[in-house]
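Read the structure below first, then the notes.
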Amino acid sequence: MPGAQYWFQAFYPSEPPQGAYTLTISNDKKSYTIEAFDIDQQVDVTVALKECAVSENKFCTDDGSVIDLSFDHLLACIVVELKTDLTGVTITSVKLSDVKDNGQFNGASATWSSSNETNITLASGAQLDPNADYADVTHGGILVIPANMNNVTLTIEASHKTYSNVPLPDDTWVKGKKYTYRAEIKQSDIVFNEPTVDEWDSDNATGSVIIK
C-alpha cells in the first residue's frame with residue numbers, strides 16, 4: 001500500500017551463546033535492546049537496520065525486490081601491536097583492566113550504558129622477531145563495550161618480563177571503530193602512544209534480503 005513503511009532488522013549472531021546477552025525486540029518492531037551483555041564472552045554483535053517507505057510504484061513490495069542490509073558492529077575493537085629489539089620475546093597474554101562489562105544497548109538511541117567494570121585477558125603466544133615490524137599480538141583484537149575509557153590499563157605478560165598496568169592514553173571508544181595501540185618493548189618498560197583509529201570492516205557480515 002502506498003505510504004506504508006516497513007522496518008527490516010537483522011542480527012548476527014542470530015542466536016547468541018548462552019549467557020552472552022539478551023535481545024528484546026520492541027512491540028512495534030521498530031527498535032530493540034540488548035541487555036546483560038557479558039563482554040567476557042567476547043561475542044561480536046552486528047546489526048543491520050533498514051526502513052523502507054512504499055511509493056506509488058510499490059518498489060519496496062514488488063515481488064523480487066531487493067533490500068540491501070549493511071551490518072554494523074555494536075562494539076569497539078582494540079588491537080595491540082608490539083615490536084622489540086630484544087631476542088627471544090614471546091607474548092604470553094594481554095590483559096585490559098577496568099573496561100565496561102554487563103552493558104545494555106538501546107537500539108532507539110544507539111547508545112551503551114554500563115556501571116560494572118571487569119578485566120579481559122587474551123592468550124597470545126605471539127613471538128616477536130628482533131627489529132621486525134609491529135606484530136598484532138591480539139590476533140585480530142579484543143572486543144570492548146564503547147565507553148569513555150579513562151584509567152584503562154594494559155598488562156603485557158612476556159616470556160622475559162611482565163609489564164603491569166601500563167596506562168593507555170585517555171580516549172572514548174566508539175562502536176564500529178577499531179583502535180590500534182602500538183608500543184616497542186624495552187628491557188625495562190613499555191609505552192603506548194595515541195591509537196590509530198579506523199572503521200571496523202564489516203564486509204564479512206553484509207547481505208541482501210529478497211522479498212518474495
Side-chain angles (χ1 to χ4, degrees), residues 12-13 17 20 37-47 70-101 103 112 117-207:
Y12 181 84
F37 185 89
D38 182 5
I39 197 64
D40 290 335
Q41 293 205 32
Q42 290 290 283
V43 177
D44 182 14
V45 184
T46 59
V47 176
S70 179
F71 284 78
D72 296 316
H73 294 274
L74 296 187
L75 300 172
C77 182
I78 307 303
V79 176
V80 178
E81 294 186 349
L82 301 175
K83 71 175 183 178
T84 187
D85 58 4
L86 305 177
T87 59
V89 176
T90 298
I91 305 303
T92 305
S93 65
V94 178
K95 182 174 73 172
L96 274 172
S97 297
D98 298 328
V99 295
K100 296 298 183 181
D101 186 26
W112 281 95
E117 293 184 343
T118 189
N119 301 330
I120 304 173
T121 300
L122 178 71
S124 177
Q127 297 180 345
L128 302 183
D129 295 327
N131 302 312
D133 200 2
Y134 287 97
D136 176 8
V137 300
T138 50
H139 305 295
I142 301 173
L143 306 180
V144 295
I145 292 175
N148 186 312
M149 41 73 67
N150 294 340
N151 302 319
V152 171
T153 63
L154 265 174
T155 294
I156 306 295
E157 184 178 345
S159 51
H160 67 293
K161 179 180 175 64
T162 296
Y163 302 85
S164 299
N165 300 319
V166 181
L168 291 180
D170 290 344
D171 202 346
T172 298
W173 291 332
V174 177
K175 68 182 181 68
K177 301 289 187 180
K178 178 177 286 188
Y179 299 81
T180 301
Y181 293 86
R182 285 182 165 182
E184 183 173 359
I185 287 184
K186 304 291 187 179
Q187 186 66 50
S188 59
D189 64 3
I190 180 173
V191 177
F192 286 93
N193 298 316
E194 294 289 339
T196 299
V197 184
D198 299 295
E199 293 294 331
W200 187 3
D201 183 15
S202 298
D203 287 346
N204 62 345
T206 58

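As the structure is a computational prediction, the values presented were derived from the model and not from experiment. One is the number of the first residue; the rest follow in order along the sequence.
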Please enumerate all residues that pass ring pair (Phe, Tyr, Trp, His ring centres under 6.0 Å) together with Tyr163, with sequence neighbours excluded.
His160
Contacts of Asn151 meeting side chain to side chain donor-acceptor pair (under 3.5 Å) (sequence neighbours excluded), chain-then-number -> none
Side chains of residues 82-90: which donor-acceptor pairs under 3.5 Å do they make with residues two or more places apart or in other chains?
{"residue": "Thr84", "atom": "OG1", "partner": "Leu86", "partner atom": "N", "Å": "3.0"}
{"residue": "Thr84", "atom": "OG1", "partner": "Ile185", "partner atom": "O", "Å": "2.9"}

Run the side chain to side chain donor-acceptor pair (under 3.5 Å) test against Asp44 and tell me which residues pass, sequence neighbours left out.
His73
Would you please name every residue forming a salt bridge (Lys or Arg N to Asp or Glu O under 4.0 Å) with Glu81, sequence neighbours left out?
Arg182
For the atom pair CG (Asp101) and CG (Asp40), what is the distance rounded to the nearest 0.5 Å?
5.0 Å
Can you name the nearest heavy-atom pair linking Leu168 to Tyr181, along with the distance?
CD2-CD2, 3.9 Å
Considering residues at least two apart in sequence or located in another chain, which fulfil the side chain to side chain donor-acceptor pair (under 3.5 Å) criterion with Lys95?
none
In the structure I gave you, are the side-chain heavy atoms of Val45 and Phe37 within less than 4.5 Å of one another anywhere?
yes
Would a 4.5 Å heavy-atom cut-off, applied to side chains only, mark Val99 and Ile145 as touching?
no
Under the salt bridge (Lys or Arg N to Asp or Glu O under 4.0 Å) definition, can you give me all pairs with a residue in residues 129-139, not counting sequence neighbours?
none
Side-chain touch Tyr179/Val144, heavy atoms, less than 4.5 angstrom
no
With His139 via side chain to side chain donor-acceptor pair (under 3.5 Å) - residues at least two apart:
none
What pair of heavy atoms forms the shortest contact from Val79 to Thr138, and how long is it?
CA-OG1, 3.6 Å
Once you round to the nearest 0.5 Å, how far does CD1 of Ile190 lie from OG1 of Thr155?
10.5 Å
Which atom of Ser97 lies closest to which atom of Asn165, heavy atoms considered:
OG-OD1, 4.2 Å
Looking at CG of Leu143 and SG of Cys77, how far apart are the two atoms once the value is rounded to the nearest 0.5 Å?
6.0 Å
How about Leu74 and Thr46: do any of their side-chain heavy atoms sit closer than 4.5 Å?
no
Measure across Trp112 and Gly103 and return the closest heavy-atom pair with its distance rounded to 0.1 Å.
CZ3-C, 3.9 Å
Could you tell me whether a side-chain N or O of Thr162 sits under 3.5 Å from a main-chain N or O of Ser164, the two making a donor and an acceptor?
no
For Glu194, give me all partners under side chain to side chain contact (heavy atoms under 4.5 Å, CB included), at least two apart in sequence or on another chain.
Pro169
Contacts of Lys186 that satisfy salt bridge (Lys or Arg N to Asp or Glu O under 4.0 Å) - sequence neighbours left out
Glu184
Just grab all the salt bridge (Lys or Arg N to Asp or Glu O under 4.0 Å) pairs involving residues 154-179, residues at least two apart or on different chains.
Lys177-Glu199
Would you say that Val166 contacts Ile156 through its side chain, given a criterion of any heavy-atom pair below 4.5 Å between the two side chains?
no
The side chain to side chain contact (heavy atoms under 4.5 Å, CB included) partners of Asp98 (sequence neighbours excluded) come to Glu117, Asn119
Over all atoms of both residues, closest heavy-atom pair of Trp200 and Ala76:
CZ3-C, 3.9 Å
